[in-house]
K.L.:
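Pasting a structure below so you can have a look.
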2 protein chains.
Amino acid sequence: MTYGTLHGPAERQHCHKEDPALTVLSDETTGQSAHYRSHEHLLHTGDEAAYSHLIEHGFAVRYHLTLDGSRQITAIYMCGDFIDLRLCAHNPSSDGLVAMGACSTTKFRNDTMSRAALKSAVLANSLCQLSERNGAIARAWIASLGRRNAEQHLAHIICELFLRAQAAGLTNGSQLRFPATQAHIADMIGLSVVHTNRTLQALRAAKLVRWDRQMLSIIDLDGLMDLAGFQENYLQHPGMAVPLPKMTHH
Amino acid sequence: MTYGTLHGPAERQHCHKEDPALTVLSDETTGQSAHYRSHEHLLHTGDEAAYSHLIEHGFAVRYHLTLDGSRQITAIYMCGDFIDLRLCAHNPSSDGLVAMGACSTTKFRNDTMSRAALKSAVLANSLCQLSERNGAIARAWIASLGRRNAEQHLAHIICELFLRAQAAGLTNGSQLRFPATQAHIADMIGLSVVHTNRTLQALRAAKLVRWDRQMLSIIDLDGLMDLAGFQENYLQHPGMAVPLPKMTHH
DNA sequence: CGGTCTATTGACTGGCGTCAAGCACCGTGG
DNA sequence: CCACGGTGCTTGACGCCAGTCAATAGACCG
């Protein structure tokens, strides 16, 4: 059992494009690397998705806009996460996808992705497992939104993000560079910015966490997990060797 | 574009085990039909899942328990939905899965499922698409929990459930038998039972919906969708011919 | 006919939203 | 060099949506 990503358990230290797990799968299916500046969109709300994305560096955020203009972040993607957008291929997407901080991805045309997945059961299986894992994370968010108060919820999402980042090799001891503003956090946990600020202060006062500028420091992970009622099994999944379509630069 | 399930667009009228979409995929991979009474568990919290389930009849509910004992429902499954539990196979599941009303499923051993999916890219792809669709539904729930008030949220989930049920052939005009108590609904939308009751009354007073006993009647679907800000594209996905492992009775 | 489950209603409380103001920081341009 | 606006963080005051605690009534059941 490992915390796995498309990059696999063996290569957790860092994420880059020469990652050996990015095995050639098919000669027709190639990915291109793409770079996004902070706040730049990978996919606009209402657009049809032409590409799926494997995050190589940085963070991307999936969000939904309600009619009154408020925003709810529905997923955070980081290095090694795969965003399978084939379902949006001929549909206007109801979500937007935007870089949080600078972000680079390898993107795969949806039609070629589909063709590759239909040729390789191993690839299709890996995509399925990744999708299930993303679903498990989404359900954990649902539980937090529905049944945890502000402090517990914030603690929970910090635990999740930190453990995922650790598995992806993004952490430095108990530190993580996480380029979120308090507005981002508010949109993740479904609160107002004001209350998010007060909740963050409570966690700081409890000496659980520090969050200066863009640097997240975990002071007391056990304390955070206790407060949140965090059960980490949902992040685990069987380690897998994932052959991904080969990738061409640019 | 159709509202699809594992049973496919052509066989929406009713769900039963002779469904032609349940094509033989592999001779080793067989499903068994299983029957559950109301409140009977398909999977207990903390157990390792041995089977994945295809819902044949009735409804099942996935839920998460927080430490203080409150419950959040994280998904509703109905006829044609597939619950892929292979990720819980060697893990204690953090969720429970329980029948809401009488429910019957075809269940597939996870190990044989995995073997079948590794043999058939078509099957693996279908599972992947179903998983992505479930993820899209989960993200819609996140948006509702985070950024809609009680009335909008309830309206939204009613729209979703009704449209899904309609696609699965479970509706009778604007009516749907839905065996949920108000406690179930409260646990879906993350509210208290008392407030759920008041919110239901508001929708009734607005002549949007009726919900007597276990019969849900949509009076004004457009009104519900307006109130909720419901965008139905997330429920759509490409129609697909899904070969599923063949099934043995009992 | 009591017991349990579910629906409903009222009174009160509290967590979180809203509005508003005040800082701090930063890059730009006069 | 300082004025200026923009963005993000922080704090206070006040109000409302939804939670909690009862209590009642109906439905179903043994």
Side-chain angles (χ1 to χ4, degrees), chain A residues 37-40 61 66 68-73 98-101 144-157 177-205 209-216 227, chain B residues 37-40 61 66 68-73 98-102 144-157 177-206 209-217 227-228:
Chain A
R37 269 164 301 172
S38 196
H39 301 110
E40 194 176 347
V61 150
T66 54
D68 62 8
S70 64
R71 183 174 84 149
Q72 176 65 42
I73 291 178
V98 64
M100 184 173 71
S144 285
L145 281 159
R147 294 303 186 199
R148 282 187 245 266
N149 65 24
E151 253 178 78
Q152 296 169 329
H153 189 173
L154 184 54
H156 196 279
I157 213 160
R177 235 198 108 267
F178 188 65
T181 66
Q182 293 190 3
H184 282 116
I185 301 170
D187 288 343
M188 288 180 216
I189 60 184
L191 297 180
S192 67
V193 178
V194 172
H195 201 70
T196 299
N197 179 297
R198 296 191 163 113
T199 307
L200 254 176
Q201 290 178 50
L203 294 192
R204 283 196 286 246
V209 68
R210 232 171 311 145
W211 199 327
D212 292 328
R213 217 60 60 73
Q214 312 211 309
M215 190 58 80
L216 172 63
L227 173 59
Chain B
R37 269 164 301 172
S38 196
H39 301 110
E40 194 176 348
V61 150
T66 53
D68 61 9
S70 64
R71 183 174 84 149
Q72 175 66 41
I73 291 178
V98 65
M100 185 173 70
S144 284
L145 281 159
R147 294 302 187 201
R148 283 188 245 265
N149 65 24
E151 253 178 79
Q152 296 169 329
H153 189 172
L154 184 54
H156 197 278
I157 213 160
R177 234 198 110 266
F178 188 65
T181 66
Q182 291 188 6
H184 282 116
I185 302 169
D187 287 344
M188 288 180 215
I189 60 184
L191 295 180
S192 67
V193 178
V194 172
H195 201 69
T196 298
N197 180 297
R198 296 193 162 111
T199 307
L200 254 175
Q201 290 178 52
L203 294 192
R204 284 196 285 244
V209 69
R210 231 173 313 146
W211 199 328
D212 291 328
R213 216 61 58 75
Q214 311 211 311
M215 191 56 82
L216 172 64
S217 306
L227 173 58

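Computed from a predicted model, the values in this text were never measured in an experiment. The sequence lines fix the lettering, A, B, ..., with proteins before strands; numbering per chain opens at 1.
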K.L.:
Under 4.0 Å: is that the gap between some side-chain N or O of B:R204 and OP1 or OP2 of C:dT8?
P.N.:
yes
K.L.:
Side-chain contact, heavy-atom cut-off 4.5 Å: B:W211 with B:L203?
P.N.:
no
K.L.:
Could you state the CG-C1' distance from B:D212 to C:dT8, rounded to the nearest angstrom?
P.N.:
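Rounding to the nearest Å, CG of B:D212 and C1' of C:dT8 are 14 Å apart.
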K.L.:
To the closest 0.5 Å, what do you measure between CG (A:L154) and CD (A:Q152)?
P.N.:
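One finds 11.0 Å between CG of A:L154 and CD of A:Q152.
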K.L.:
Distance check needed: C:dA7 P versus B:W211 CH2, whole Å only.
P.N.:
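For the pair B:W211 CH2 and C:dA7 P, the rounded distance is 10 Å.
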K.L.:
A:D187 CG to D:dG8 P: how many Å, rounded?
P.N.:
12 Å
K.L.:
If I take atom CG in residue A:L200 and atom C1' in nucleotide C:dC16, what distance separates them, rounded to the nearest angstrom?
P.N.:
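Going from CG in A:L200 over to C1' in C:dC16 covers 15 Å.
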K.L.:
Could you state the interatomic distance from CG (A:N149) to CG (A:L191), rounded to the nearest 0.5 Å?
P.N.:
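A:N149 atom CG to A:L191 atom CG measures 9.5 Å (nearest 0.5 Å).
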K.L.:
Using the side chain to side chain donor-acceptor pair (under 3.5 Å) criterion, which residues pair with B:R198? Sequence neighbours excluded.
P.N.:
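For B:R198, no residue satisfies side chain to side chain donor-acceptor pair (under 3.5 Å) once neighbours in sequence are set aside.
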K.L.:
What is the distance, to the nearest angstrom, from the NE2 atom on A:H153 to the C1' atom on C:dC16?
P.N.:
14 Å
K.L.:
Tell me whether the side-chain N/O atoms of B:N197 come closer than 4.0 Å to OP1 or OP2 in C:dT8.
P.N.:
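So the side-chain polar atoms of B:N197 do come within 4.0 Å of the phosphate oxygens OP1 or OP2 of C:dT8, strictly under.
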K.L.:
Please check: side-chain N/O of B:Q72 versus main-chain N/O of B:D187, any donor-acceptor pairing under 3.5 Å?
P.N.:
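Present.
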K.L.:
D:dC9 C1' sits how many Å from A:I185 CD1, rounded?
P.N.:
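Going from CD1 in A:I185 over to C1' in D:dC9 covers 11 Å.
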K.L.:
Measure the OG1-CD1 distance between B:T199 and B:I189 for me, rounded to the nearest 0.5 Å.
P.N.:
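If we round to the nearest 0.5 Å, B:T199:OG1 and B:I189:CD1 are 6.0 Å apart.
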K.L.:
For D:dT11 and A:Q201 - does any side-chain N or O of the residue sit under 4.0 Å from the phosphate oxygens OP1/OP2?
P.N.:
yes
K.L.:
Starting from C1' on C:dC5, measure out to CD on B:Q214 and report it in whole angstrom.
P.N.:
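Whole-Å distance recorded here is 13 Å.
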K.L.:
Enter the distance from A:R147:CZ to B:D68:CG here, rounded to the nearest 0.5 Å.
P.N.:
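So the CZ of A:R147 and the CG of B:D68 are separated by 9.0 Å.
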K.L.:
Tell me the bend of the helix from C:dC1-D:dG30 to C:dG30-D:dC1 as the angle between end helix axes, each from five pairs, rounded to the nearest 10 degrees.
P.N.:
20°
K.L.:
Are OP1 or OP2 of D:dT10 and a side-chain N or O of A:Q182 less than 4.0 angstrom apart?
P.N.:
yes
K.L.:
Give A:T181 one of three labels, base, sugar-phosphate or nothing, depending on what nucleic acid heavy atoms sit under 4.0 Å from its own.
P.N.:
sugar-phosphate
K.L.:
Pick base, sugar-phosphate or nothing for A:V193, based on heavy-atom distances below 4.0 Å to the nucleic acid.
P.N.:
nothing
K.L.:
Would you find a donor on one side and an acceptor on the other, under 3.5 Å apart, between the side chain of B:S70 and the backbone of B:T66?
P.N.:
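Pair absent, no side-chain N/O of B:S70 close to backbone of B:T66.
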K.L.:
Can you check the B:D68 CG to D:dG19 P distance for me, whole Å?
P.N.:
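Roughly 13 Å, once rounded to whole Å.
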K.L.:
NA contact type, A:R147, heavy-atom cut-off 4.0 Å: base, sugar-phosphate, or nothing?
P.N.:
nothing
K.L.:
Can you tell me if the side-chain N/O atoms of B:R213 get under 4.0 Å from OP1 or OP2 in D:dC28?
P.N.:
yes
K.L.:
Just compare C:dG10, C:dC19, C:dC16 and give me whichever is closest to any side-chain atom of A:V194.
P.N.:
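For A:V194, the side-chain atoms sit closest to C:dC19.
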K.L.:
Per the atom types in the model, does the base of D:dG12 pair as donor or acceptor with the side chain of A:R198 at under 3.5 Å?
P.N.:
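Side chain to base: pair found, below 3.5 Å.
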